[in-house]
There are 2 protein chains.
Amino acid sequence: MTEPVYDQPALVESEFLQGLPAQDRVAILGVAQRRPVERDHFLLRQGDPADRVYLLAQGRLRLSTVTTDGQEVIVRYVAPGEGFGVAAALKDITYPVSIEAVENSLVMSWDRATFAQLMERYPRLAMQAMQTLAFRMREMQDRVRELQTERVERRIARALLRLVRQTGRKVETGVLIDLPLTRQDLAEMTGTTLYTVSRVLSQWEQAGLVESGRERVLIRAPHRLVTIAEDLPPQPTPDK
Amino acid sequence: MTEPVYDQPALVESEFLQGLPAQDRVAILGVAQRRPVERDHFLLRQGDPADRVYLLAQGRLRLSTVTTDGQEVIVRYVAPGEGFGVAAALKDITYPVSIEAVENSLVMSWDRATFAQLMERYPRLAMQAMQTLAFRMREMQDRVRELQTERVERRIARALLRLVRQTGRKVETGVLIDLPLTRQDLAEMTGTTLYTVSRVLSQWEQAGLVESGRERVLIRAPHRLVTIAEDLPPQPTPDK
DNA sequence: CGGCCAGTTGACGTCTTTCAACTTTGGTGG
DNA sequence: CCACCAAAGTTGAAAGACGTCAACTGGCCG
């Protein structure tokens with residue numbers, strides 16, 4: 001994992017470098033700093049000076065904040081090809097999240113000044129950064145709406161479906177969320193407790209919706225999960 | 001309110017035009033469309049095609065979404081000098097929020113293509129737009145954290161303090177939130193019900209913290225509200 | 001003057017958390 | 001290779017925060 005990084009599919013198809021000709025992509029990636037981060041290690045901690053813009057080349061990261069009284073909140077998982085730290089490097093003095101690798105990962109990064117120059121030189125890059133920010137903004141807004149209006153069960157369903165989209169891997173019996181994922185993690189994503197997550201998953205397991213074990217969730221019936229997430233009429237039983 | 005708009009303090013100090021020389025500001029504002037929106041009227045509705053970028057010159061707006069089952073969520077209030085619709089016009093086909101004037105207002109706007117040209121011509125404008133997005137992003141993240149980890153009372157305290165910062169007006173007995181604000185509005189900002197808001201405000205009124213009436217909230221002891229919002233040691237409780 | 005809208009408050013229900021005790025799983029070292 | 005241990009998960013019971021429903025008050029405006 002040392003040489004051929006520039007033409008990895010994750011980087012070529014990356015939202016981050018979208019719309020840029022191959023030669024510009026190479027130029028931009030060429031001046032990036034590269035750094036491997038091992039599983040369970042932190043790339044940086046909440047409160048560190050926000051001086052770099054990042055792009056994930058390989059692996060998987062988790063961004064989380066911890067409140068003053070110690071409660072953790074998972075802000076999001078980062079997949080290969082996604083940028084992160086853009087907003088912070090642009091606006092803040094320190095990063096508002098801690099960043100941990102949940103798989104062995106490789107991150108590319110530019111310091112703030114370099115990235116500013118790059119954006120100036122490649123306006124397309126600036127445009128992309130902006131669109132990404134706009135997109136994340138929208139996601140956050142949706143999450144606020146969810147938290148304000150929806151019950152726990154539905155929020156968990158949505159969280160799982162998001163994970164399926166981002167890191168789902170098809171297997172014979174369904175879609176596996178290809179990530180070590182504890183009850184606690186799900187709780188921190190949805191604003192509930194690990195106990196409630198455990199109860200909900202148990203119930204779904206009974207119903208044949210999912211199959212879950214230690215740090216592992218397999219979705220057996222994604223469409224039924226969707227009906228829970230969207231409050232559609234209960235599929236198999238058309239009574240009422 | 002028809003002629004001298006360009007040099008209004010709200011526009012000069014606007015985050016939106018920050019860092020631009022006066023003559024560029026005039027140029028940018030010069031090509032803007034201007035439109036008054038009367039109190040209780042909608043500038044646009046959730047689902048309308050997102051084709052314009054806006055800047056509020058005067059008045060006050062409320063951005064809100066309504067869920068499929070009819071529950072409303074207030075995303076934020078907009079004060080003079082603030083831009084809005086930037087993320088949507090950049091990324092989406094339709095606006096994700098409805099925008100209503102809570103006071104008689106005047107909005108400036110540019111269509112998407114014009115705004116793109118302006119950003120190209122005045123890179124500083126693009127930079128500002130980006131920083132604003134980054135800032136909003138951070139706010140949203142904070143709100144998610146709040147919703148996930150804090151009790152209703154504290155969320156209401158925080159919401160009021162935010163409103164104080166944005167639209168507080170000093171009067172003899174405290175700080176008045178200078179906006180028609182119902183219990184329902186506060187509930188939609190904090191993810192609770194108007195009943196709970198009413199109970200909390202009543203309780204605070206008993207304690208001499210606030211004074212509230214129909215569509216009106218006056219903060220008598222902001223510092224004590226802060227202790228509720230931040231969970232500081234339960235402050236030396238003076239008599240009263 | 002009547003109707004309407006915002007607000008208040010009690011009673012009650014329920015979703016979710018909290019606490020505690022327990023089981024299961026998987027990695028590690030003897 | 002197996003036993004052990006810590007971490008992850010499960011589940012019952014009880015408490016509590018908050019939502020829901022209903023009845024009521026009060027101010028405002030046509």
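Given the structure is predicted, the values throughout are model-derived calculations rather than measurements. The chains referred to below are lettered A, B, ... by the order of the sequence lines, with proteins before strands, and numbering in each begins at 1.
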Between [Y] and [X], is there a side-chain donor-acceptor contact under 3.5 Å, judged purely by atom types and distance?
X        : Y        : value
A/Ser109 : A/Arg52  : yes
A/Gln148 : B/Glu72  : no
B/Gln46  : B/Asp48  : no
B/Arg214 : B/Thr182 : no
B/Ser64  : B/Arg76  : no

message: Can you work out whether B/Glu205 or A/Arg151 has the more 5'-proximal nearest nucleotide on DNA chain C?
response: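 The 5'-side residue here is B/Glu205.
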message: Please determine whether a side-chain nitrogen of the Lys or Arg among A/Lys91 and B/Glu15 lies less than 4.0 Å from a carboxylate oxygen of the Asp or Glu.
response: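 So A/Lys91 does not pair with B/Glu15 through a salt bridge.
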field: Pair B/Asp185 + B/Arg62: basic N to acidic O under 4.0 Å
entry: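 Looking at B/Arg62 together with B/Asp185, the answer is yes, because their closest N to O distance falls below 4.0 Å.
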Could you state the atom-to-atom distance from [atom1] of [X] to [atom2] of [N] in whole Å?
X        : N      : atom1 : atom2 : result
A/Asp40  : C/dG27 : CG    : C1'   : 14 Å
A/Leu186 : C/dT17 : CG    : C1'   : 17 Å
B/Gln184 : D/dG19 : CD    : P     : 12 Å
A/Glu150 : C/dT16 : CD    : C1'   : 16 Å
B/Asp185 : C/dC5  : CG    : P     : 15 Å
B/Glu215 : C/dC4  : CD    : P     : 17 Å
A/Gln148 : D/dC18 : CD    : C1'   : 15 Å
A/Leu194 : C/dT18 : CG    : P     : 10 Å

query: Using the C1' atoms of the five pairs at each end, what is the angle between the end axes of the helix from C/dC1-D/dG30 to C/dG30-D/dC1, to 10°?
result: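 About 30° separates the two local helix axes.
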task: Test salt bridge (Lys or Arg N to Asp or Glu O under 4.0 Å) on B/Glu150 and B/Arg158 and set out the steps.
output: CA-CA 10 Å; B/Glu150 292 173 1; B/Arg158 281 197 201 273; 2.6 Å; yes
message: Does C/dA6 have OP1 or OP2 under 4.0 Å away from a side-chain N or O of B/Arg183?
response: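 Checking B/Arg183 against C/dA6: no side-chain N or O falls below 4.0 Å of OP1 or OP2.
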- request: Report yes if a side-chain nitrogen or oxygen of A/Thr192 is closer than 4.0 Å to either non-bridging phosphate oxygen (OP1 or OP2) of C/dT16; otherwise report no.
  value: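 No, because none of the side-chain N or O atoms of A/Thr192 sits under 4.0 Å from OP1 or OP2 of C/dT16.
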- prompt: What about B/Arg214, does its side chain sit under 3.5 Å from the base of D/dC28 through a donor-acceptor pair?
  reply: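 Such a pair does not exist between side chain and base.
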task: Report the residue (B/Arg155 or A/Leu181) whose heavy-atom-nearest nucleotide on DNA chain D is the more 5′ of the two.
output: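 So the residue in question is A/Leu181.
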task: Name every residue in residues 195-204 of chain A that has at least one heavy atom under 4.0 Å from any atom of DNA chain C, in order of residue number, or write none if there are no such residues.
output: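 A/Tyr195, A/Thr196, A/Arg199 - these, ordered by number, are the residues of the stretch whose heavy atoms sit under 4.0 Å from the strand.
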message: Given 3.5 Å as the limit, does a donor-acceptor pair link the side chain of A/Thr149 with the main chain of A/Arg145, or not?
response: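 The answer is yes, because a donor-acceptor pair under 3.5 Å joins these two groups.
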message: Please pick, from D/dC18, C/dT8, C/dA6, the nucleotide with the shortest atom-to-atom distance to any side-chain atom of B/Ser212.
response: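 Out of D/dC18, C/dT8, C/dA6, the nucleotide with an atom closest to B/Ser212's side chain is C/dT8.
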